[in-house]
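Count residues from 1 along the sequence.
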Amino acid sequence: RGGTEIGSAPSSSPRTMKKSREDEMNATPEAAMNPRGTTESLADLDSDAGLRGDVSSLGSDSEVNGFANGDQKIDKYGFVGGAQYTGELQPEIPPEVLRQRESKWLDMLNNWDKWMAKKHKKVRLRCQKGIPPSLRGRAWQYLSGSKVKMEHNPGKFDEIDQSPGDPTWLDVIERDLHRQFPFHEMFIARGGHGQQDLYRILKAYTIYRPEEGYCQAQAPIAAVLLMHMPAEQAFWCLVQICEKYLPGYYSAGLEAVQLDGEIFFALLRKVSTAAYKHLNKYKIDPILYMTEWFMCAFSRTLPWVSVLRIWDMFFYEGVKVIFRVGLILLKYTLGSSDKLKKCQGQYETMEKLRGIDPRYMQEAFLVREVIELPVTEREIEKEHLIQLKKWKDTHGDLKYQPPPRLHGAKAINEAEPHSHKALAQMPSIVIHSPPVSPSSDSSSNSKKKDKKSTKEQKKEKKKLEKKAGKVEPTANGSATDETKRILKDDQYATQPVDIAEDIKQSMLIKDTPLQQSELSLSSEGTEQDTYL
């Protein structure tokens with residue numbers, strides 16, 4: 001389509017890892033004056049002064065990046081500022097609704113195999129509604145299959161973590177750490193706990209997949225995972241994203257991303273003809289605007305609440321959710337003639353895409369549009385074959401052959417069989433029911449049998465009454481004096497009478513009053529008849 005050759009990634013690609021912080025800070029004065037959350041880098045600290053300062057105002061990881069007065073409010077997601085800070089304006093879900101959703105998700109997670117085999121559509125519906133915050137990390141592990149992957153590789157992460165790693169990659173990773181969510185409490189401090197764990201995860205991946213190494217776009221993905229789970233679980237979740245959801249995205253050359261860019265542009269023609277014609281007119285290749293969207297799964301673009309909702313759906317439905325989000329943003333940003341009047345050129349259009357109207361990224365609007373947009377994995381795979389054929393005709397075979405892409409949790413669950421043990425949650429809060437003793441079992445059984453014996457006793461009583469005459473009741477309906485005397489003499493007469501016939505001898509405890517009562521009631525036939 002002219003313009004930048006698709007085979008060469010532009011300089012704005014996330015693969016430009018060796019870009020210095022000075023270049024980034026000197027890019028545009030406007031960017032330095034108007035920080036956009038995670039997309040901007042914090043100013044350099046004065047030599048060692050910041051590192052030697054007290055870092056206690058906001059917990060263990062605070063203050064080092066300029067938050068020294070302790071007056072900043074932390075939102076419920078951990079942000080102290082930036083574009084993704086939600087503040088107190090975010091509407092809260094009623095506690096009773098949240099508890100109900102948590103109960104449903106706990107049931108699903110505890111019976112994951114059954115739900116994915118028979119009720120997977122219900123799982124998808126609940127992911128679309130949003131995973132409860134308290135269970136989001138655990139749910140992502142189950143949806144991505146990383147829980148099973150970790151159980152199949154016990155001790156692997158610890159082994160990799162102890163390895164030294166490639167110094168070339170380690171130097172690049174270390175320089176990128178401060179750029180990842182600098183306004184989040186986990187990653188505020190240089191060398192704090194969050195940055196240490198992020199470093200461990202990214203280093204471990206370069207050792208686990210040395211042929212891929214490290215890509216800068218992996219850092220925000222790993223950082224989002226770290227906000228919801230420990231380092232080891234986050235590592236295996238990152239592995240699943242790189243190998244199953246977005247295979248080849250982080251390899252050298254970015255061929256898989258460029259190929260998906262062509263797929264994305266072809267789908268845009270069906271979703272918004274106006275946006276397609278405009279981008280084609282000014283020769284704006286998809287790689288110029290969709291690279292960060294796709295490689296970072298919109299974690300650096302959308303408001304944080306929208307990021308979490310999109311990720312909930314992404315883990316179940318796969319990459320088609322990423323395609324849908326991008327298509328919706330282009331449709332509502334460039335999809336009409338009125339909106340295109342201010343975009344008369346490549347520069348104006350790119351500026352428009354860098355500053356998308358917040359209304360189109362708002363949680364309720366975006367989630368609804370993503371659910372309703374009819375772009376399926378079948379269309380994506382069909383277009384993938386078409387674009388792959390065109391790629392081979394113009395560029396030859398792909399230099400890196402990624403594993404096949406799996407579209408979401410159901411496909412991963414079917415492709416990677418596992419045992420029920422691999423899904424066991426450890427550690428977990430388990431409430432055990434009180435143990436049932438044999439005596440309580442026998443007592444419950446005896447109650448059932450007592451009902452039968454009572455019926456038999458009534459029949460026997462009728463027969464005896466015909467022969468010996470009916471016992472006369474007193475005026476107030478109580479038993480006769482003779483009956484009262486017998487009941488008073490036998491203090492255990494309130495126990496079931498026919499226990500000896502219904503309960504096995506092995507279930508009785510020796511030398512108990514119950515056994516003594518059994519002997520006394522069965523020793524004399526006349527005594528038993530009189531009692532009856």
Answer whether the closest heavy-atom distance between the side chains of [X] and [Y] falls below 4.5 Å.
X: Met350; Y: Arg354; answer: yes
X: Asp197; Y: Met186; answer: no
X: Phe157; Y: Arg200; answer: yes
X: Lys203; Y: Leu170; answer: yes
X: Arg136; Y: Pro133; answer: yes
X: Phe181; Y: Met227; answer: yes
X: Ile241; Y: Leu225; answer: yes
X: Arg126; Y: Lys122; answer: yes

I'd like to know if the side chain of [X] and the backbone of [Y] have a donor-acceptor N/O pair within less than 3.5 Å.
X: Thr333; Y: Leu330; result: no
X: Tyr316; Y: His120; result: yes
X: Gln240; Y: Cys237; result: no
X: Gln195; Y: Phe187; result: yes
X: Asn413; Y: Ala409; result: no
X: Trp311; Y: Ala297; result: yes
X: Ser306; Y: Glu363; result: yes
X: Asn153; Y: Lys149; result: yes
X: Asp166; Y: Thr168; result: yes
X: Gln218; Y: Tyr214; result: no

Kindly give the heavy-atom pair with the smallest separation between [X] and [Y], and that separation in Å.
X: Ala222; Y: Ile201; result: CB-CG2, 4.1 Å
X: Ser299; Y: Pro220; result: OG-CB, 3.8 Å
X: Val123; Y: Leu143; result: CG1-CD2, 4.2 Å
X: Arg324; Y: Ile371; result: NH1-O, 4.0 Å
X: Trp293; Y: Ile322; result: O-CG2, 4.5 Å
X: Arg138; Y: Asn110; result: NH2-OD1, 3.2 Å

| said: I'd like to know whether Glu102 forms a salt bridge (charged side-chain N to carboxylate O under 4.0 Å, His left out) with Arg99, so could you lay out the CA-CA distance, the side-chain angles of the two residues, the decisive distance to 0.1 Å, and finally the verdict. | reply: CA-CA 5 Å; Glu102 287 175 343; Arg99 297 290 87 80; 2.7 Å; yes
| query | Can you tell which of Tyr250, Tyr400, Tyr249 makes a side-chain hydrogen bond (donor to acceptor under 3.5 Å, both in side chains) with Glu212? | reply | Tyr400
Rounded to the nearest 0.5 Å, what's the gap from [atom1] on [X] to [atom2] on [Y]? Could you check?
X: Gln180; Y: Leu202; atom1: CD; atom2: CG; answer: 8.0 Å
X: Lys129; Y: Asp312; atom1: NZ; atom2: CG; answer: 13.5 Å
X: Trp169; Y: Ile173; atom1: CH2; atom2: CD1; answer: 8.5 Å
X: Ile221; Y: Arg300; atom1: CD1; atom2: CZ; answer: 10.5 Å
X: Ile207; Y: Asp161; atom1: CD1; atom2: CG; answer: 8.0 Å
X: Tyr245; Y: Glu317; atom1: OH; atom2: CD; answer: 10.5 Å

Could you tell me whether [X] and [Y] have their ring centroids closer than 6.0 angstrom?
X: Tyr208; Y: Phe235; result: yes
X: Phe264; Y: Phe294; result: yes
X: Tyr142; Y: Trp115; result: no

| Do Asp397 and Trp391 pass the side chain to side chain donor-acceptor pair (under 3.5 Å) test, and can you show the C-alpha distance, the side-chain angles, and the key distance before you say yes or no? | CA-CA 8 Å; Asp397 293 333; Trp391 178 279; over 6 Å; no
| Hey, what's the ring geometry for Phe79 with Trp304, parallel, tilted or perpendicular (30° and 60° as the breaks)? | perpendicular
| request: Please report the C-alpha distance between Phe298 and Val307 in whole Å, then the side-chain angles of each, then the deciding distance to 0.1 Å, and finally whether the side chain to side chain contact (heavy atoms under 4.5 Å, CB included) criterion is met. | output: CA-CA 7 Å; Phe298 290 97; Val307 170; 5.5 Å; no
| query | Would Leu366 and Arg309 satisfy side chain to side chain contact (heavy atoms under 4.5 Å, CB included), going step by step from the backbone distance to the final call? | reply | CA-CA 9 Å; Leu366 186 60; Arg309 292 293 301 278; over 6 Å; no
| Steps toward side chain to side chain contact (heavy atoms under 4.5 Å, CB included) verdict (Phe315, Ile131) | CA-CA 11 Å; Phe315 274 112; Ile131 301 173; over 6 Å; no
| request: Decide yes or no on side chain to side chain contact (heavy atoms under 4.5 Å, CB included) for Gln100 and Lys104, but give the supporting numbers first. | output: CA-CA 6 Å; Gln100 188 179 28; Lys104 292 177 179 179; 4.0 Å; yes
| Yes or no on side chain to side chain donor-acceptor pair (under 3.5 Å) for Glu381 and His407, after CA distance, side-chain angles and deciding distance? | CA-CA 10 Å; Glu381 288 304 317; His407 290 272; 2.7 Å; yes
| request: Identify whether the distance between the nearest side-chain nitrogen and carboxylate oxygen of Lys390 and Asp393 falls below 4.0 Å. | output: no
